[in-house]
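Data first, discussion second: the structure below is written as structure tokens.
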Amino acid sequence: MIQAQNINHIGIAVRSLEDQRTFYEGVLGARFEGAEEVSDQGVRVAFYVLGTSGHEVRLELLEPTKADSPIAKYIEKNGEGMHHVAYTVTDIESRLRELRDAGIRLIDETPRKGAHGAKIAFLHPKASNGVLTELCEPAHAHA
Ligand code: ZN
């Protein structure tokens, strides 16, 4: 068991980060936290935060930067929308080893680098009943 902590963020696939500002800021009233490019994954991500300190909900908008990136392919197939749920974990390498030993299918056998220097890894959607599931160990995680 990976003992997932809180939901770290919800990932949403979009064609254009810029086009989303009206909805996330203007309609939801979320605070724009910043954007960065994660070149490994061929995406630019923008984070929005809702809620008060200690009870924040974070949304990760993902915009493809390359036509052959996984997010570009996802949008091509499914359109824009819900992409993944990310759970905060500690010691992601051990968690992945436990999952692998338990026969759970993984997309990432070893963590890769996500936004904000976090270590992330995806489970195979078939292993999580159709919900693409990300494990996320924040760079400044305290256990
Ligand atoms: Zn994510």
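Both counts, for ligands and for their atoms, begin at 1 and track the order of listing. What you see is a predicted model, and the numbers here were worked out from it, not measured in a lab.
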Within 45° of the ring axis of Phe32 and under 6.0 Å from its six-membered ring centre, is that where the NZ or CZ of Arg21 lies? yes
Without hydrogens or angle criteria, can the side chains of Arg105 and His124 be said to hold a donor-acceptor pair below 3.5 Å? yes
Shortest-distance N, O or S atom of Glu134 relative to the Zn ion (ligand 1): OE1
The Zn ion (ligand 1) is nearest to which N, O or S atom of Glu60? OE1
Does the distance from a Lys or Arg side-chain N to an Asp or Glu carboxylate O, for Glu63 and Arg44, drop under 4.0 Å? yes
Around atom NZ of Lys113, are there more than 12 heavy atoms from other residues, nucleotides or ligands closer than 6.0 Å? no
Quick check for you: with the Zn ion (ligand 1) as the vertex, what angle do NE2 of His9 and NE2 of His84 span, to 10°? 110°
